[in-house]
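Let me begin by presenting the structure, written as structure tokens, before commenting on it.
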Amino acid sequence: MILTRDFYERDTLTVAKELLGKVIVHETSEGLTMGKIVETEAYIGPEDEASHAYRNLRTPRTEVQFGPKGHAYIYLVYGMYYCLNATSGRLAGKPEAILVRALEPLGGIEIMLRRRDVSNGNAANLTNGPGRLCMAMGLTKKQNAADLCFSPLHIDVGEVVDEEDIAQSTRVKVDHADEWRDRPWRFYVRNNKFVSKL
DNA sequence: TGCACGATTCTCT
DNA sequence: GAGAATCGTGCAA
């Protein structure tokens with residue numbers, strides 16, 4: 001069953017936490033790929049220096065974050081990798097998003113292996129990182145702004161992760177020397193081997 | 001119009 | 001553990 005809009009229209013930190021255990025599904029001409037979310041990070045709109053929408057910066061790139069919740073925000077980093085986010089938040093028009101940092105492959109693994117061109121044969125590295133999971137799921141800028149409630153790219157109600165299995169920490173690769181750096185806005189499933197970093 | 005750099009990953013040492 | 005790959009974006013000029 002697909003998550004409905006109201007799931008995303010809540011406090012972003014809550015949504016980031018509850019996204020753990022949910023299942024991302026992408027239907028393409030190549031076939032179906034699915035993966036369980038095991039790691040997320042929250043990026044809270046204008047006041048978060050680490051967010052692209054810091055200071056309400058509204059550009060063609062960040063535009064999606066200002067739109068309806070429950071849409072995909074996909075952007076290019078380092079000129080070669082994509083990152084998948086879901087827009088969220090209680091306030092309409094406030095740019096908040098959740099970065100999906102890692103998945104546990106559930107379906108279409110053959111397709112993922114092909115897309116990732118896993119030369120070392122290590123399937124454990126298939127989706128344990130924001131850039132990697134986009135490659136494995138076949139996500140590019142084309143899916144940017146896709147409605148996660150309806151499109152071929154959507155998120156299913158998976159399993160509920162026990163509170164005790166949820167770990168919280170500071171975000172990865174956010175080194176700005178200000179108060180936002182140390183916010184524990186990263187969530188992950190404890191002891192899951194597909195989490196990107198411990 | 002030009003330029004420095006990033007919500008990363010891979011390879012080689 | 002360090003360095004390269006690689007290009008769209010935001011900001012200065």
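All chains are named by letter (A, B, ...) in the order of the sequence lines, taking the proteins before the strands, and each is independently numbered beginning at 1. Note: hydrogens, waters and symmetry copies are ignored here, and every other heavy atom, side chains too, is used.
Under a 3.5 Å cut-off, the side chain of A/Glu39 and the backbone N or O of A/Ser196 do form a donor-acceptor pair. A/Arg10 places no side-chain N or O within 3.5 Å of a backbone atom of A/Val15 that could act as its donor or acceptor partner.
When rounded to the nearest whole Å, the span between CZ of A/Arg58 and P of C/dT9 equals 16 Å. Distance, A/Tyr73 OH to B/dA7 P: 9 Å, rounded to whole Å. Following rounding to the nearest Å, A/Leu99 (CG) and B/dT8 (C1') show an atom-to-atom distance of 11 Å. Nucleotide B/dT8 holds its P atom 16 Å from the CG atom of A/Leu139, rounded to whole Å. When rounded to the nearest whole Å, the span between CD1 of A/Ile44 and P of B/dA7 equals 16 Å. One atom, CZ of A/Arg132, and another, P of B/dA7, lie 18 Å apart when rounded to the nearest Å. One interatomic measurement links the two molecules: CD of A/Glu49 to C1' of B/dA7, which rounds to 13 Å at whole-angstrom precision. Rounded to a whole Å, the OH atom of A/Tyr54 is 15 Å from the C1' atom of C/dC11.
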Verdict with reasoning, A/Glu41 to A/Arg101, per salt bridge (charged side-chain N to carboxylate O under 4.0 Å, His left out): CA-CA 7 Å; A/Glu41 276 181 9; A/Arg101 288 193 56 87; 3.7 Å; yes

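The phosphate of C/dT9 has neither OP1 nor OP2 within less than 4.0 Å of any side-chain N or O from A/His52. Contact check, A/Arg116 against B/dC10: a side-chain N or O comes under 4.0 Å of OP1 or OP2. OP1 or OP2 of C/dT9 sits under 4.0 Å from a side-chain N or O of A/Lys141. Phosphate contact (OP1/OP2 of B/dA7, side-chain N/O of A/Arg171, threshold under 4.0 Å): absent. Applying the 4.0 Å criterion to OP1 and OP2 of C/dG10, one finds that A/Thr59 has a side-chain N or O inside that range.
Between C/dG3 and B/dC5, the two P atoms lie 16 Å apart (nearest whole Å).
Residue contacts for A/Arg55: at a heavy-atom cut-off of 4.0 Å it reaches the sugar-phosphate backbone alone, with no base atom in range.
Nucleotide B/dG6 has C/dC7 as its partner under the Watson-Crick or G-U criteria, with both atom distances under 3.5 Å.
Residue A/Leu57 has its side chain nearest to C/dG10 when only B/dA7, C/dT6, C/dG10 are considered. Considering only the side chain of A/Arg61, C/dG10 comes nearest among C/dG10, B/dT8, C/dA5. For A/Leu76, whose side chain is taken as the heavy atoms from C-beta onward, the closest listed nucleotide among B/dA7, C/dG8, B/dT9 is C/dG8.
At a cut-off of 3.5 angstrom, counting only N and O atoms as typed in the model, there is a donor on one side and an acceptor on the other between the side-chain of A/Tyr75 and the base of B/dA7.
A/Glu63 and A/Arg58 are joined by a salt bridge, as a carboxylate oxygen and a charged side-chain nitrogen come within less than 4.0 angstrom of each other.
In this structure, A/Ala16 and A/Thr40 approach most closely via the heavy-atom pair O-OG1, 3.0 Å.
Between the side-chain ring of A/Tyr78 and the base of B/dT8, a stacking contact exists by the 5.5 Å and 30° definition.
For the atom pair CZ (A/Phe66) and OG1 (A/Thr59), the distance works out to 8.0 Å, reported to the nearest 0.5 Å.
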